[in-house]
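Report on one structure; see the data block that follows.
Per chain, numbering begins at 1; letters A, B, ... match sequence-line order. Scope of the values below: all heavy atoms of this structure, side chains included, with no hydrogens, waters or symmetry mates.
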Amino acid sequence: MYTERISDALREAASGWGVDDVRFRLDRPKEASHGDLASNIALALAARLKRPPRDIAGDLARRLAGIAGVERIEVAGPGFLNFFLEAGAVGGVLHRIVTAGSGYGRNEDGAGRRIMVEFVSANPTGPLHLGHGRQAALGDVIARLLDWSGWDVHREFYFNDAGRQISRLAESVRARYRQLLGHDDPVPEGGYHGEYVVEIAGAFLEREGDRYENDGDEAALEAMRSFAVGVLRDEQKRDLAGFKVHFDEYYSERSLYSDGRVKVTIEALDATGLTYHRDGALWLRTTRFGDQKDRVMVKRDGSPTYFLPDVAYHMNKWERGFHEVVNVQGSDHHGTVDRVRAGLQALGRPAGYPEYVLHQMVTVERGGEEVRFSKRAGSYTTLGELSAEVGADVARYFFLMRRPEAHLTFDLDLALDESDKNPVYKVKYAHARLCRLEKLARERGWDVPDESSAPRADASLLRASAERELTKQLGEFPGFLRRAASGRTPHVVCDYLERTAGLVNSWYQSGHPTRNPGLAALVEDAGLRDARLTLALAARTVLHNGLAVLGIEAPERMVRDE
RNA sequence: GCGCCCGUAGCUCAGCUGGAUAGAGCAUCGGCCUUCUAAGCCGAGGGUCCCAGGUUCGAGUCCUGGCGGGCGUGCCA
């Protein structure tokens, strides 16, 4: 590829001057008059070589003058090198794209190594809300990006089926159960007030009858607990499936207690000599590893604090062979990051283990007003409702289009709008258009380039600026995917796709059969038509693959339901 | 008090290791459908990139100090 060729030549030239570690850019300038590619290498070298950047640029321009695919090189501004490429060199990427097909954009950065993405990990105490939706979309797409980067990815959901919140859920179910039997038990302090608890109590009543009516013991509570957890977990799984999110494994916090891992972890931490007793509790010197203060690990009453199962769990991940772990969590959990890592470091794990992607919260707007939702108060906008309302594809896209650490305002009106305002439709529409183009060509009895025949098309015929701009954009897809994967930032893909769809539409309009028949894709000239249909095929491939990475359908035709 | 994140157009937000005249969508205004789907395109207006210093040939981007907002800072999970 021409970019690699040029960048190698530049690096080699720098090396010839004794600079082997120069950092420079070689990318597509915003301004068309700055060429197809521009580099700041002369500016980067100026200080090292103690020479004016324009002189260096001039030397480089002369030196690279004969390089294949480059038409001419200009020195501009303070010392930028602007490369103007031959049409054939630019178009060559189209052949690569159609040959790679549904694999275009993949790379082998992960080299087949295992990596775990843990996400959602909601407590089974209620339905998934929109915050979980953002997390589900982020985690799933980060996993997909890692897969596209050659990692062996494992998706895991950790569910907290132990502890106080679950007890409160069971007590809330019992209160509702007894209410249904005519008692006036109040929902306990700190309990769950949502209507779904009443439904669970009703289902429990239907299955078990009134046998637990006056039974206040542990066994009754346990029966309600496991029933409620089962119902809620099934519901969460259903909502996630509707959102096109699946997990390889659901890991139970309870199991960490029942199989002794929490106990083993306490003993292991105690054996490090980094623990001490104070006020009747057992503390861990997490400050040794950068935490703001030491933390209690075993409370005065003998029970472990919540971060211990987290440490035990991550030791278990490590033992299962996952030395690369990405945890996707809400930023309200950031306080726990340091202490969990500190506990793990005390046990000899590396400092950056595990990695965290902390996303900001989601607020919902409808009619310009913020919609308040609170789990405890029982007022809801659940992920299931949202998927059903706007569709999984739109919901996923909206959750993904902002970078994780930025606050997300979910505009329900815009998401529900199936007309021209929704960015998801713009991308899908561009894809459908390209499919339509191929279909029409076939209907007119023309051969349409496919994976095997497209590489024979003469891409150097694509000289119009809309064609070149689109072609160059398509060539950058793998780089964007790589950047999105390594940065754990799916929104980069959204931005790329919106821009690409825009260029597709511009190109499409520029070849309007009436106003500008010379640039139309479906022309009589077979050579030109094949070149343009190859461009269409390549663009369709990129849009399809980009949407696939986001877990979104790329339709062959759009049906307007008006 | 301390820690993390955020502050860019009227609104919601991009801006990759510092690069050329700061971008997109929505909203506003003006054009474009007898031929490939107008769910689209073309154009216009709209900016103290929170403020003040500093580093640099060059700062929205890096450093320091402020201001504003969110979250955290439990022997709660």
Side-chain angles (χ1 to χ4, degrees), chain A residues 23-25 27 29-31 33-34 38 40 43-44 46-47 52-53 76-80 82 123 125 160 162-166 190 253 278-283 291-293 295-301 303-307 309-310 330-338 358-361 365 368 401-409 411 414 417-426 428-430 432-434 436-441 479-480 483-484 486-487 489 491-492 494-495 498-499 501-502 504-515 517 520-522 536 557-558 560 562:
Chain A
R23 284 152 57 101
F24 64 96
R25 299 174 57 144
D27 46 24
K30 287 173 258 185
E31 188 68 39
S33 67
H34 293 156
N40 64 344
L43 294 155
F80 289 102
N82 294 337
N123 290 349
T125 52
N160 180 332
R164 182 72 58 82
Q165 294 308 321
I166 294 295
E253 181 184 6
R278 198 178 79 200
D279 305 332
L282 184 63
W283 296 67
D291 199 4
Q292 279 190 273
K293 48 187 284 198
R295 306 293 172 178
V296 169
M297 49 184 268
V298 180
K299 298 182 227 173
R300 205 180 317 170
D301 67 6
S303 61
T305 53
Y306 73 92
F307 97 98
D310 277 359
S331 63
D332 53 336
H333 286 81
H334 80 254
T336 74
V337 170
D338 283 346
L358 300 176
H359 65 86
Q360 289 288 322
M361 295 293 105
E365 268 185 20
M401 65 185 179
R402 307 300 180 213
R403 66 192 207 281
E405 61 271 26
H407 173 87
L408 178 79
T409 303
D411 185 338
L414 184 60
D417 196 329
E418 293 190 12
S419 72
D420 54 346
K421 296 169 188 163
N422 204 320
V424 188
Y425 290 105
K426 177 172 179 174
K428 289 190 173 210
Y429 179 58
R433 261 186 164 165
L434 296 168
R436 176 76 178 162
L437 215 47
E438 292 177 23
K439 183 161 176 278
L440 282 168
F480 275 86
R483 181 144 64 87
S486 63
T489 47
H491 78 277
V492 164
C494 296
D495 288 349
E498 281 176 57
R499 171 128 183 83
V504 165
N505 285 329
S506 292
W507 168 70
Y508 182 89
Q509 294 284 345
S510 75
H512 191 282
T514 310
R515 281 198 303 280
L522 304 181
R557 54 191 295 261
M558 299 289 277
R560 208 181 305 185
E562 275 173 317

Compare the aromatic ring of A:Y508 with the six-membered base ring of B:G40 and state whether they stack according to the 5.5 Å and 30° rule.
no
Measure the distance between the ring centre of A:H34 and the centre of the six-membered base ring of B:A20, then answer whether it is under 5.5 Å with planes under 30°.
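According to the criterion (under 5.5 Å, under 30°), yes, A:H34 stacks.
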Does [N] have a Watson-Crick or wobble mate here (both distances under 3.5 Å), and if so which one?
N     : answer
B:U34 : none
B:U73 : B:G1
B:U64 : B:A52
B:A59 : none
B:G23 : B:C13
B:G45 : none

In whole Å, what is the span from the CG atom of A:D411 to the P atom of B:C11?
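Distance, rounded to whole Å: 14 Å.
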Keeping A:N40 on the side-chain end and A:L43 on the backbone end, is there a donor-acceptor pair under 3.5 Å?
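Side chain of A:N40 to backbone of A:L43: no pair is present.
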If only atom types and distance count, is the side chain of A:D279 paired as donor or acceptor with the main-chain N or O of A:A281 below 3.5 Å?
no
Short heteroatom pairs, N/O only, protein and nucleotides 56-58 of chain B, under 3.5 Å:
none

Taking only N and O in the side chain of [X], is any of them less than 4.0 Å away from OP1 or OP2 of [N]?
X      : N     : result
A:R433 : B:A38 : yes
A:H407 : B:G7  : no
A:T409 : B:C13 : yes
A:K30  : B:A20 : yes
A:R25  : B:G19 : yes
A:K426 : B:C41 : yes

If you find the nucleotide of RNA chain B closest to A:W507 and the one closest to A:P29, which residue's nucleotide is nearer the 5' end?
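Here A:P29 is the residue nearer the 5' end.
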Both A:R403 and A:D338 contact RNA chain B. Which one's nearest nucleotide lies toward the 5' end?
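In this pair, the answer is A:D338.
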Syn if the chi torsion is within 90° of 0, anti otherwise; quick check, which is B:C62?
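Anti, since the glycosidic angle lies more than 90° from 0.
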Once you round to the nearest 0.5 Å, how far does CZ of A:R402 lie from OG1 of A:T409?
8.5 Å
Go along nucleotides 71-77 of chain B 5' to 3' and tag each nucleotide: B for a protein heavy atom under 4.0 Å from its base, S when only backbone or sugar atoms are that close, - otherwise.
BBSSBSB
Report which part of the nucleic acid A:A432 touches: base, sugar-phosphate, or nothing (heavy-atom distance under 4.0 Å, all strands).
nothing
Would you mind classifying the nucleic acid contact of A:D495 as base, sugar-phosphate or nothing, using non-hydrogen atoms under 4.0 angstrom?
sugar-phosphate
Under the 3.5 Å rule, do the base of B:G40 and the side chain of A:N505 count as making a donor-acceptor pair?
no
Distances under 3.5 Å between nitrogen or oxygen atoms of protein and nucleotides 29-35 of chain B:
from	atom 1	to	atom 2	distance (Å)
B:C32	O2'	A:R515	NH1	2.7

For the residue pair A:R403 and A:H491, what are the closest heavy atoms and their distance?
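So the minimum-distance heavy-atom pair works out to CB-CE1, 3.1 Å.
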Heavy atoms from C-beta onward define the side chain here; which of B:C36, B:C41, B:C16 lies closest to that of A:D27?
B:C16
